[in-house]
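Structure record follows, encoded as structure tokens.
Values below: every heavy atom of this structure, side chains too, minus hydrogens, waters and symmetry copies.
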Amino acid sequence: DPAAARRLVMAEPLRWPPGRRVVYSDLNAMLLGWVVEVVAGVPLDSFVTREIFRPLGMSATMYRPPRSLRGRIIPVGLWHGHAIAGEVHDQNAAALGGVSGHAGLYATGLDLARFAQFMLRRGTTAQGTRLVRGGAVDAFVRRGPGNRALGWEMRDTTSTDNTGHLLSPAAYGHTGFTGTAMWIDPARDPFVIVLTNRVFAPRARRPITELKRVRGAVAEIPDVLGARDIRSRGLEDSVYVDLKIDVAAEREKLKKEFEKIEKELANIDRQLGNDSFTTKAPAHVVDKLRTRREELIVLKAKMQSKLDELG
């Protein structure tokens, strides 16, 4: 019951006077979301869509994605052996109906890149429309106790966990329990986005330790590739050209692979739809075809997601 869960949070007493100690708490982010709803007079998901996501062109960023998008969402858990995708992993956010200030948001790498550039432009859209005052953005990322800022974490220069050692001390970002991270370096302009499903059947003995190492390595990619002055170029340049990817060629390559998958799938469907074949063929051959068909369906969905991402 979302109302009951909300009452529990609101009844939680203040543990420390403001400014005395840093405690990472989901409850505070939940409360902030409710403050936004009261001030704006609309639900949190409606507010952020209207005031942030839509103006920035973040059309694939949302709470509670519809079932039609489930094929594009990586699973983060299993239920009776079946992969679960599109349902918020955080139990508190689930109890609050899937919309909360601390969890529940879904996005793509491309949309997060748009948001990172919005932050690098200190609150303006690519067209120059100001959504947030520059001074407010500066306040969001001002280092406080414990390397924390307002909603962001500042780079810990004493550790390479999550950020590597090449980002500047001014870099700020956020990490997610399920295996996500975003780091933005306003002093040098690069931004780094990592999206994984670390919580999905982890096989590493210490998965969060491994994830921190991976995040740190990925954060150094802009320096390895010689990325510079990202802000002065377009979004497509910063995301694709710096990574030495020809988008048109990549799209064409994916289309050809997609067509091959469709042809193989159609051929298997013809064979399995032939009663004479399924009756006379050895059982292991039929089972192998059915297994291959399931693999191709999954592969086709992933390929379609990649094509959608490239536009």
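At least one side-chain heavy atom of Leu195 sits less than 4.5 Å from a side-chain heavy atom of Leu112. Between Ser168 and Asp185, some side-chain heavy-atom pair lies under the 4.5 Å cut-off. You'll find the side chain of Leu131 reaches within 4.5 Å of the side chain of Thr125, heavy atoms only. Considering only heavy atoms from C-beta on, Trp16 comes within 4.5 Å of Val23 through its side chain. Proximity of Lys300 to Gln304: side-chain heavy atoms (C-beta onward) are nowhere separated by under 4.5 Å. Residues Thr61 and Leu105 meet the side-chain proximity criterion, which asks for heavy atoms closer than 4.5 Å.
The main-chain N or O of Val42 is never found under 3.5 Å from a side-chain atom of Ser46 such that the two would form a donor-acceptor pair. Side chain of Asp111 to backbone of Ala60: a donor-acceptor contact under 3.5 angstrom is found. Between the side chain of Arg143 and the backbone N or O of Pro169 there is at least one donor-acceptor pair closer than 3.5 Å.
Counting all heavy atoms, side chain and backbone alike, Asp189 lies closest to Leu120 at O-CD1, 3.1 Å. Looking at every heavy atom in both residues, Trp183 comes nearest to Glu153 through CZ3-O, 3.4 Å. Taking every heavy atom of both residues into account, Pro65 and Ile73 meet most closely at CG-CD1, 3.6 Å.
The ring-ring contact (aromatic ring centres under 6.0 Å, His included) pairs that include a residue from residues 113-156 are Phe115-Phe118, Trp152-Tyr172, where partners are two or more places apart or lie in different chains. Pairs engaging residues 40-73 under the ring-ring contact (aromatic ring centres under 6.0 Å, His included) rule: none recorded [sequence neighbours left out]. Within the structure, salt bridge (Lys or Arg N to Asp or Glu O under 4.0 Å) contacts touching residues 31-47 (residues at least two apart or in different chains) are Arg6-Glu37, Asp45-Arg64. Among residues at least two apart or in separate chains, there is no salt bridge (Lys or Arg N to Asp or Glu O under 4.0 Å) pair with a member in residues 22-35. Listed by first and then second residue, the salt bridge (Lys or Arg N to Asp or Glu O under 4.0 Å) pairs involving residues 46-55 amount to none (not counting sequence neighbours).
For the side chain to side chain contact (heavy atoms under 4.5 Å, CB included) criterion with Trp34, the lone passing option out of Val36, Leu31, Leu32 is Leu31.
Applying the side chain to side chain contact (heavy atoms under 4.5 Å, CB included) test to Pro145 and every residue at least two apart in sequence or in another chain returns Val22. By the side-chain hydrogen bond (donor to acceptor under 3.5 Å, both in side chains) test, Asp138 is found to be paired with Arg122, residues two or more places apart in sequence or in another chain being considered. For Thr158, the side chain to side chain contact (heavy atoms under 4.5 Å, CB included) test picks out Asp156, with sequence neighbours left out. Checked against side chain to side chain contact (heavy atoms under 4.5 Å, CB included), Ala266 has the following partners two or more places apart in sequence or in another chain: Arg270. Remark: Leu299 pairs with Ile261 by the side chain to side chain contact (heavy atoms under 4.5 Å, CB included) rule, at least two apart or across chains. With sequence neighbours left out, the side-chain hydrogen bond (donor to acceptor under 3.5 Å, both in side chains) criterion links His102 to Asp90, Ser100.
Atom CZ of Arg155 and atom CD1 of Ile184 lie 15.5 Å apart (nearest 0.5 Å).
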Extract all donor-acceptor atom pairs below 3.5 Å that involve side chains of residues 289-298 and protein atoms in other chains or at least two apart in sequence.
{"residue": "Thr291", "atom": "OG1", "partner": "Asp287", "partner atom": "O", "Å": "3.0"}
{"residue": "Arg292", "atom": "NE", "partner": "Glu264", "partner atom": "OE2", "Å": "2.8"}
{"residue": "Arg292", "atom": "NH1", "partner": "Glu295", "partner atom": "OE1", "Å": "3.4"}
{"residue": "Arg292", "atom": "NH2", "partner": "Glu264", "partner atom": "OE1", "Å": "3.2"}
{"residue": "Arg292", "atom": "NH2", "partner": "Glu264", "partner atom": "OE2", "Å": "3.4"}
{"residue": "Arg293", "atom": "NE", "partner": "Asp269", "partner atom": "OD1", "Å": "2.5"}

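Counting heavy atoms of neighbouring residues, nucleotides and ligands inside a 6.0 Å radius, atom CZ of Arg133 does not exceed 12 of them.
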